[in-house]
Amino acid sequence: MRGLPTGLRARLVITFTLVAVTASAMVAGLGYQLVRRELLDRTERSEVADVRDTLSKITLPVGVSDVVWPSDSTVTDEDLGSLVSALEAPERVIIVTYGDHRRSSPGARFTMSDVPDQLRWQSARRLVYQRLRLRDEPWLLVATQIQRANQDGVARPTGLTAYVFLPLHEEEGVLLRLLTALAQAGGITLTIALTVALLSARSVLLPVRRLGAAARALGTGDLHVRLPVRGRDELAALTATFNETAAALENTVSELRTLESMSRRFVADVSHELRTPLTAMTAVTDMLSEDAKDLPDDAGEAVRIVVREIDRLRVLVEHLIEISRFDAGAAVLRRETVDVGDTLADCLEVRGWADRVKLTVPVGLTFSLDARRFDVIVANLVGNALNHGAPPVLVGARQDRTGLEVIVRDHGTGIPDHALPHVFDRFFKAGSDRARSVGSGLGLAIAKANAELHGGGITVERCDPGTLFRLWIPRP
């Protein structure tokens, strides 16, 4: 989901804070509800008891429930007024009804329309009470039917009903102050939770960050990196495992480097050792090749095969020596400003390819590069196009503000798609027809190494028809 934090630190802080806030809210909510219920219930009991006690002490021929006045006198307006006066108290609102008659306390804020119908019906049987919110203020309404006693002392309804509105402002104020205190406590709890969460996240993530930094250092080749192991928890075990892995990797890489160094040295030594006898063999084969036409057919063919294979072996040894220089880091770039057109023309002419290749280069194009290595690159690319492609072979060069680009294209069948990613691999030959070719399989690898030494590179792509190699050398 977009927009949600994905970092471990953010998730730890949010989770810790949510748990703390949820627990705090639950405790505060339950505590508030318990206090509110207890406070209101106690107020109700106290106020109802006070109303009941007041009604039991009045001197009117009336009573409440079991408090019955033993008289048959008729209820008058004075009785209603006396009852209102007896029930009056600060902030109370009293309404007394008898049939169509109504008497209220002076300045009464409420009327009978504010009394719920259900409460009126229930008050005909017993004393009832209900919490209401009138004019956006909390009130407790107590209602009861006044009864008389007959000559036998049996209570009977008189139709006289008292409604007492008792204010609950103080209780609401107490609850509001309690709610404010709980909100403040919640804010303090949130602050503490955030602080603890940040400290906890830091203590948890610090070893993780150290592991990440150590892993990055290990990836860049610093195989000696190790981390101190502190504690006995899971992170300490992970750190110990990392140290063990790094040590094992260091040993393995050290062994591989040793083997690789030995292999490179072996190739270099063998190549140099082969150079001396090859020089002598080449001199002898030059003499034999001149006399091959005078020899019998079988002997002449054998001489030509020997000459061809020795020449192939000479090229392979030269390529191996060149590759060993790159592997050993001994290849050195010697830049100079040259005429690109003349350099390309000389490369083709020396190898006898001038008549077989079409060269297109702007007049006066100059560039700073290593002429010898540039010649090696072009020779390998053009030789590959001539030996494995088909005419016409095109060579072009152009320069822009970023560097020099040289293209070599043939119009043959092209390199198969599956072989394109591997054409610059050492000893790779695409197709069965190239497996026994005179090439060493190192030419394109050497060309790419020389291009990378210049800070550039070589790419290859299929055309219709043929193959296109693109050499790019950036400005120094």
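Reckoned from all heavy atoms, side chains included, excluding hydrogens, waters and symmetry mates. Count residues from 1 along the sequence. The model shown is predicted, which means the values in this text are computed figures rather than measured ones.
The shortest side-chain heavy-atom distance between Y163 and M112 falls under the 4.5 Å cut-off. Side-chain contact check for F110 versus V115: every heavy-atom pair is 4.5 Å or farther apart. Using a 4.5 Å heavy-atom threshold, the side chains of R92 and V164 count as touching. Using a 4.5 Å cut-off on side-chain heavy atoms (C-beta onward), V361 and L359 make contact. Put simply, the side chain of L227 reaches to within 4.5 Å of the side chain of N243, judged on heavy atoms. Side-chain contact between I407 and L394: absent, with no pair of heavy atoms (C-beta onward) separated by less than 4.5 Å. Using a 4.5 Å cut-off on side-chain heavy atoms (C-beta onward), D339 and L365 make no contact. Within the 4.5 Å cutoff, the side chain of W139 has heavy atoms near those of the R109 side chain.
Residues T467 and G414 approach most closely at OG1-CA, 3.2 Å, considering heavy atoms. Minimum interatomic distance between L344 and A397 (heavy atoms only, all atoms of both residues): CD1-CB, 4.2 Å. Here the closest heavy-atom approach between residue V332 and residue D370 is recorded as O-OD2, 3.8 Å. Taking every heavy atom of both residues into account, Y32 and L175 meet most closely at CE1-O, 3.7 Å. For the residue pair C347 and V378, the shortest heavy atom distance occurs at SG-CG1, 3.9 Å. Nearest heavy-atom pair, D410 versus A390, reported as atom, atom and distance to 0.1 Å: CB-O, 3.7 Å.
Evaluated for a side-chain contact (heavy atoms from CB on, under 4.5 Å) with L238, the options L211, V208, V229 yield exactly one hit, L211. The only member of W472, F469, F367, F374 that meets side-chain contact (heavy atoms from CB on, under 4.5 Å) when paired with V406 is F374.
Evaluation of the side-chain contact (heavy atoms from CB on, under 4.5 Å) rule for L132 yields P116, Q130, L134, L141 as partners, not counting sequence neighbours. The side chain to side chain donor-acceptor pair (under 3.5 Å) search around T402 returns D400, not counting sequence neighbours. With sequence neighbours excluded, no residue forms a side chain to side chain donor-acceptor pair (under 3.5 Å) with T220. Residues that satisfy the side chain to side chain donor-acceptor pair (under 3.5 Å) test with H169, not counting sequence neighbours, are absent from this structure.
Atoms OG1 and CG, from T343 and L348 in turn, are 11.0 Å apart once rounded to the nearest 0.5 Å. Distance check: I14 CD1 to L194 CG gives 10.0 Å after rounding to the nearest 0.5 Å. Atom CD of E171 is separated from atom CG of L166 by 10.0 Å, given to the nearest 0.5 angstrom. Atom-to-atom distance recorded for L30:CG and M26:CE is 6.0 Å, nearest 0.5 angstrom. Atoms CD and OG, on E336 and S368 in that order, are 8.5 Å from each other to the nearest 0.5 Å. The line from CG of L249 to CD of E244 is 13.5 Å long, rounded to the nearest 0.5 Å.
Within the structure, the side chain to side chain donor-acceptor pair (under 3.5 Å) test picks out the following pairs touching residues 172-195 (sequence neighbours left out): R133-E172. Applying the salt bridge (charged side-chain N to carboxylate O under 4.0 Å, His left out) test to every pair with at least one member in residues 454-476, sequence neighbours left out, gives these pairs: E405-R470, D417-R462, E461-R470.
At least one donor-acceptor pair closer than 3.5 Å links the side chain of H411 to the backbone N or O of P392. For N251 (side chain) and A247 (main-chain N/O), a donor-acceptor pair under 3.5 Å exists by modelled atom type. Side-chain atoms of D114 come within 3.5 Å of backbone N or O of T111 as a donor-acceptor pair. Looking only at distances, no side-chain donor or acceptor of T17 sits under 3.5 Å from a matching main-chain atom of A193. Side chain of N380 to backbone of V376: a donor-acceptor contact under 3.5 angstrom is found. Counting only distance, with no hydrogens or angles, the side chain of R335 and the backbone of H454 share a donor-acceptor pair below 3.5 Å.
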Check your understanding: V35 and R37: side chain to side chain contact (heavy atoms under 4.5 Å, CB included), yes or no, with the steps?
Key -> CA-CA 6 Å; V35 171; R37 185 174 62 184; over 6 Å; no

Exercise for review: List the steps, then state whether side chain to side chain contact (heavy atoms under 4.5 Å, CB included) holds for L168 with T43.
Suggested key: CA-CA 8 Å; L168 298 177; T43 301; 3.6 Å; yes

**Study point:** salt bridge (Lys or Arg N to Asp or Glu O under 4.0 Å) evaluation trace for R351 with D375
**Key:** CA-CA 11 Å; R351 293 167 177 81; D375 177 81; 2.8 Å; yes

Practice item. Kindly determine whether R373 and L453 satisfy side chain to side chain contact (heavy atoms under 4.5 Å, CB included), including the steps that lead there. Key: CA-CA 9 Å; R373 296 190 180 280; L453 190 62; 3.5 Å; yes

Exercise for review: Carefully, step by step, assess I377 and L471 under the rule side chain to side chain contact (heavy atoms under 4.5 Å, CB included).
Suggested key: CA-CA 9 Å; I377 297 172; L471 165 67; 3.8 Å; yes

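For R42, the CZ atom counts as loosely surrounded, since its 6.0 Å shell holds 12 or fewer non-hydrogen atoms of other residues, nucleotides or ligands. Heavy-atom contacts from other residues, nucleotides or ligands closer than 6.0 Å to CG of D41 number more than 12. Counting non-hydrogen atoms of neighbouring residues, nucleotides and ligands closer than 6.0 angstrom, the CD atom of E170 reaches no more than 12 such neighbours.
Taking the charged nitrogens against the carboxylate oxygens, R45 and D50 have no contact shorter than 4.0 Å, which rules out a salt bridge. Using a cutoff of 4.0 Å between basic side-chain nitrogens and carboxylate oxygens, R226 and E250 are scored as salt-bridged. Classification of R131 and E44 as a salt-bridged pair holds, one side-chain N sitting under 4.0 Å from a carboxylate O.
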